[in-house]
Amino acid sequence: MTTFGTPGLAQTAADITGLLLRLDRPCWILRDENGRVAATTDDWAAGARGQVLAAVPPLSPERLGDKAFRTAHGVRAAYAAGAMANGIASPDLVVAMAEAGYLASYGAAGVPPAAVDAALAQLSAKLAGKPFACNLIHSPSELALERAIVDACLRHEVRCVEASAFMDLTPEVVRYRVSGLAVNRQGVLEVWNRLIAKVSRVEVAELFLRPAPERLLRQLVETGAITAEQARLAEQLPMADDITAEADSGGHTDRRPLVVLLPELVAARDRIARTVPGAAAVRIGAAGGIGTPDAAAAAFALGAAYIVTGSVNQSAVEANQSEATKKLLATAQFADCTMAPSSDMFELGVQVQVLRRGTMFASRAQRLYDLYRAYDGIDALPAEIRKDLEDKLFRRPLADIWQDCVTYFTERDPAQLVSAEGNPKAVMALVFRWYLGLSSGWSIRGEADRLADYQIWCGPAMGGFNSWVTGSHLAAPGNRRVADIADQLMTGAAYLTRVAQLRTAGVRLPAECSRYVPRPTEEP
């Protein structure tokens, strides 16, 4: 291997790294008359000091991904902070990202409708004209929640929704999309309500790549939710503007590998575009496992129009998580995650990915699901099992827990109680969901006596992030600001993309040049 180091040019790995970090300048790799290799960003040196071996053009973080994403959402970079349920993706987090020129989605899933309405009112007033989104999670067992979130989004003129965990289209997600359709004075179709669909299966992506089904449009027209004209206009465009390939992420996930899932979705988009021309404009982004610049650069290299982060933002200052939970997250390694039954789709056996380190939630939740499968109701549980649950897990008689469920669903979704009437197994499901539902709240509030029961949604990206930031200012949770995390990831992705371009051209850089270390924003 030839040696780097030419007088007047970059002579060390640190020098070369510094030049490559000048993202607004091209960088040339030269060989001088003595056969030594060096780097420069100086135009004159590139032409006069030796043979040019390779070069990379300027590459700012803002140029990564699809320009159409930035234009459509009014952001400066193809990067978004995805929704984290129960308001973990808080209004403060959304505001911080919007003011920095990034898109973020408010975590409305699991939040009472009145609190969602208040949060969206606050965001709409504070961020007038700035980008933000609201999460709409598929709730097959609580359809009233979907309706309430869509009502709030329409009431506060929220112009972007991130739809997640959908297995099929529902009237409410269609209502949001179609309610924003109109024709302007020039006869041009205007789409006011943008939709980002987060999916992990091709068959689900296809639903969002096509126009809304005629049966759902007809139903909405009949109920007066949309006009006949809006239903006609809906036939002209796909359900989504963007589709996020959700790979191995925290929370709801099928744990798909991104390197397989993203190309599959791109191929599906291109195939459907042959018969549905509007599908060609749908952008395909990447989420899941993105917690380092290497992962971000790889996603963009794979063709992602944009990237979405989740788990890594949960330990940020602005996230609505307790300090105890943020400390647990900051110690996570990439293998410290496991799967556990979900609260919102408990009966269907759907699972979520959670943090295993420092909590026993996953094993305890799995035990509840196994009991649900094995017995027909609470009264069918053996006495010793019921006593153990009441003493150690619920810490109260199960009959009292059921009364809590009655009070809760009477206010939130009475249909749940109607479905459970005369159905002991449904009653047991609601009681068990009490534990699964409250466990994330214990984590958010930092209830010390419930530490072993914390449900912390987390993917392997968290461990990768912690390894990357070791020894930097981002190692301490108190220094983790969500916009700084975004800046560091995108800057690192641009830097590593340039390194990869040189490597592809046959340049063997010093090993130290192949890593981007987080730098405080005050440094050049």
Side-chain angles (χ1 to χ4, degrees), residues 61-62 64-65 69-70 73 75-85 88-90 92-94 96-98 100-107 131-133 135 160 162 164 196 198 200 242-253 258 261-262 283-300 302 304-321 326 329-330 332 334 337 353 355 456-469 474 477 479-494 496 516 518:
E62 291 77 16
L64 295 171
F69 179 88
R70 302 193 297 271
H73 296 284
V75 294
R76 67 182 177 91
Y79 178 107
M84 295 178 287
I88 296 172
S90 65
D92 286 346
L93 186 150
V94 174
M97 287 293 281
Y102 293 110
L103 183 66
S105 183
Y106 168 64
F132 77 95
N135 181 225
C160 185
E162 182 187 38
S164 59
I196 302 173
K198 185 183 289 185
S200 56
D242 303 280
I243 294 180
T244 304
E246 183 182 22
D248 194 5
S249 64
H252 285 285
T253 177
L258 186 63
L261 179 60
L262 183 64
R283 298 169 291 268
I284 309 297
I290 301 177
T292 64
D294 305 76
F300 285 122
L302 201 58
Y306 58 95
I307 60 171
V308 179
T309 56
S311 297
V312 300
N313 301 320
Q314 199 171 179
S315 63
V317 171
E318 299 89 349
N320 183 28
Q321 271 287 20
K326 290 178 182 179
L329 287 165
F334 80 93
C337 301
Q353 189 162 207
L355 185 66
I456 305 169
W457 300 302
C458 183
M462 191 74 251
F465 178 87
N466 289 332
S467 295
W468 168 52
V469 302
L474 289 178
N479 293 335
R480 297 180 179 184
R481 300 216 167 251
V482 67
D484 187 27
I485 291 172
D487 289 342
Q488 299 288 345
L489 286 172
M490 291 296 285
T491 298
L496 293 176
Y516 172 80

Q: At their closest point, which heavy atom of A296 faces which heavy atom of A493, and how far apart are they?
A: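 Nearest pair, atom of A296 first, then A493: CB-CB, 3.8 Å.
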Q: List in chain and number order the residues that pass side-chain hydrogen bond (donor to acceptor under 3.5 Å, both in side chains) with S311, two or more places apart in sequence or in another chain; answer none if no residue qualifies.
A: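 With sequence neighbours excluded, S311 shows a side-chain hydrogen bond (donor to acceptor under 3.5 Å, both in side chains) to no residue whatsoever.
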Q: Could you state the interatomic distance from CG (N479) to CG (L474), rounded to the nearest 0.5 Å?
A: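 Reported to 0.5 Å precision, the distance equals 7.0 Å.
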Q: Who passes side-chain hydrogen bond (donor to acceptor under 3.5 Å, both in side chains) against Y306, sequence neighbours left out?
A: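 Applying side-chain hydrogen bond (donor to acceptor under 3.5 Å, both in side chains) to Y306 gives T244.
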Q: Quick check for you: to the nearest 0.5 Å, what is the distance between N320 atom CG and I88 atom CD1?
A: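 Going from the CG atom of N320 to the CD1 atom of I88 covers 7.0 Å.
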Q: Side chain of Q353, backbone of G459: donor and acceptor closer than 3.5 Å?
A: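 Flag not set: sc Q353 to bb G459 has no pair under 3.5 Å.
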Q: Within the side chain of N466, is there an N or O that forms a donor-acceptor pair under 3.5 Å with the backbone of L329?
A: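 Side chain of N466 to backbone of L329, a donor-acceptor pair under 3.5 Å: yes, one is there.
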Q: State which residues pass side-chain contact (heavy atoms from CB on, under 4.5 Å) with A299; sequence neighbours excluded, sorted by chain then number.
A: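 L258, A286, I290, A304, I307.
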Q: Y102: which residues meet the ring-ring contact (aromatic ring centres under 6.0 Å, His included) condition with it, sequence neighbours left out?
A: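 Counting only residues at least two positions away or on another chain, Y102 forms a ring-ring contact (aromatic ring centres under 6.0 Å, His included) with Y79.
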Q: In chain order, what residues pass the salt bridge (Lys or Arg N to Asp or Glu O under 4.0 Å) check against D248, with sequence neighbours excluded?
A: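 If we apply the salt bridge (Lys or Arg N to Asp or Glu O under 4.0 Å) test to D248, skipping adjacent residues, the hits are R255.
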Q: Among residues at least two apart in sequence or on other chains, which ones pass side-chain hydrogen bond (donor to acceptor under 3.5 Å, both in side chains) with R283?
A: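 Once residues adjacent in sequence are excluded, the partners of R283 under the side-chain hydrogen bond (donor to acceptor under 3.5 Å, both in side chains) criterion are D242.
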Q: Can you list everything that forms a salt bridge (Lys or Arg N to Asp or Glu O under 4.0 Å) with D487? Sequence neighbours excluded, please.
A: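 If we apply the salt bridge (Lys or Arg N to Asp or Glu O under 4.0 Å) test to D487, skipping adjacent residues, the hits are R76.
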Q: Would you check if the side chain of Q314 reaches a backbone N or O of A319 as a donor-acceptor pair within less than 3.5 Å?
A: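 Checked: no pair found.
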Q: How close do A81 and V308 get, heavy atom to heavy atom, and via which atoms?
A: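 What the structure gives for the nearest pair is C-CG1, 4.4 Å.
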Q: Could you walk me through whether L103 and F69 satisfy the side-chain contact (heavy atoms from CB on, under 4.5 Å) test, starting with their C-alpha distance in whole Å, then the side-chain angles of each, then the deciding distance to 0.1 Å, before giving a yes or no?
A: CA-CA 10 Å; L103 183 66; F69 179 88; 4.1 Å; yes
Q: Ignoring hydrogens, what is the shortest heavy-atom contact between C337 and P460? Give both atom names and the distance.
A: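 Between these two residues, the closest heavy atoms are SG-N, 3.9 Å.
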Q: Output all residues satisfying side-chain contact (heavy atoms from CB on, under 4.5 Å) with A298, sequence neighbours left out; order by chain, then residue number.
A: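 A298 satisfies side-chain contact (heavy atoms from CB on, under 4.5 Å) with no residue once adjacent residues are dropped.
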Q: To the nearest 0.5 Å, what is the distance between OH (Y516) and OG1 (T491)?
A: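 Y516 OH to T491 OG1: 5.0 Å, rounded to 0.5 Å.
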Q: Which heavy atom of P477 sits nearest to which heavy atom of K326, and what is that distance?
A: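 Smallest interatomic distance, heavy atoms only, reads CG-O, 4.1 Å.
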Q: Can you tell me how far CE of M97 sits from CD1 of I485, rounded to the nearest 0.5 angstrom?
A: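 The CE atom of M97 is 9.0 Å from CD1 of I485, to the nearest 0.5 Å.
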Q: For E318, give me all partners under side-chain contact (heavy atoms from CB on, under 4.5 Å), at least two apart in sequence or on another chain.
A: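 D92, L93, A96, A316, R481, V482.
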Q: Could you work out, with side-chain hydrogen bond (donor to acceptor under 3.5 Å, both in side chains) as the rule, every residue matching S315, not counting sequence neighbours?
A: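 With sequence neighbours excluded, S315 shows a side-chain hydrogen bond (donor to acceptor under 3.5 Å, both in side chains) to R480, given in chain and number order.
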Q: What is the minimum heavy-atom distance between A78 and L64, and which atoms define it?
A: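 Closest heavy-atom pair between A78 and L64: CB-O, 3.6 Å.
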Q: To the nearest 0.5 angstrom, please state how far the CE atom of M84 sits from the OG atom of S105.
A: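 Atom-to-atom, M84:CE and S105:OG are 10.0 Å apart.
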Q: So, Y106 and E162: side-chain donor and acceptor under 3.5 Å apart, yes or no?
A: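 Short answer, no.
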Q: Who passes side-chain contact (heavy atoms from CB on, under 4.5 Å) against T292, sequence neighbours left out?
A: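 If we apply the side-chain contact (heavy atoms from CB on, under 4.5 Å) test to T292, skipping adjacent residues, the hits are D294, A295, W468.
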Q: If you compare all heavy atoms of A98 against all heavy atoms of P131, which two are closest, and at what distance to 0.1 Å?
A: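 Closest approach of A98 to P131: CB-O, 3.2 Å.
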Q: Stepwise, does the side-chain contact (heavy atoms from CB on, under 4.5 Å) test hold for C160 with I196?
A: CA-CA 7 Å; C160 185; I196 302 173; 3.8 Å; yes
Q: Say you draw a straight line from CG of N313 to CD of Q321; how long is it, rounded to the nearest 0.5 Å?
A: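 Spacing of CG (N313) from CD (Q321) equals 12.0 Å.
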Q: Donor-acceptor pair, distance only, cut-off 3.5 Å: does the side chain of T253 make one with the backbone of A247?
A: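 Between the backbone of A247 and the side chain of T253 there is a qualifying donor-acceptor contact (under 3.5 Å).
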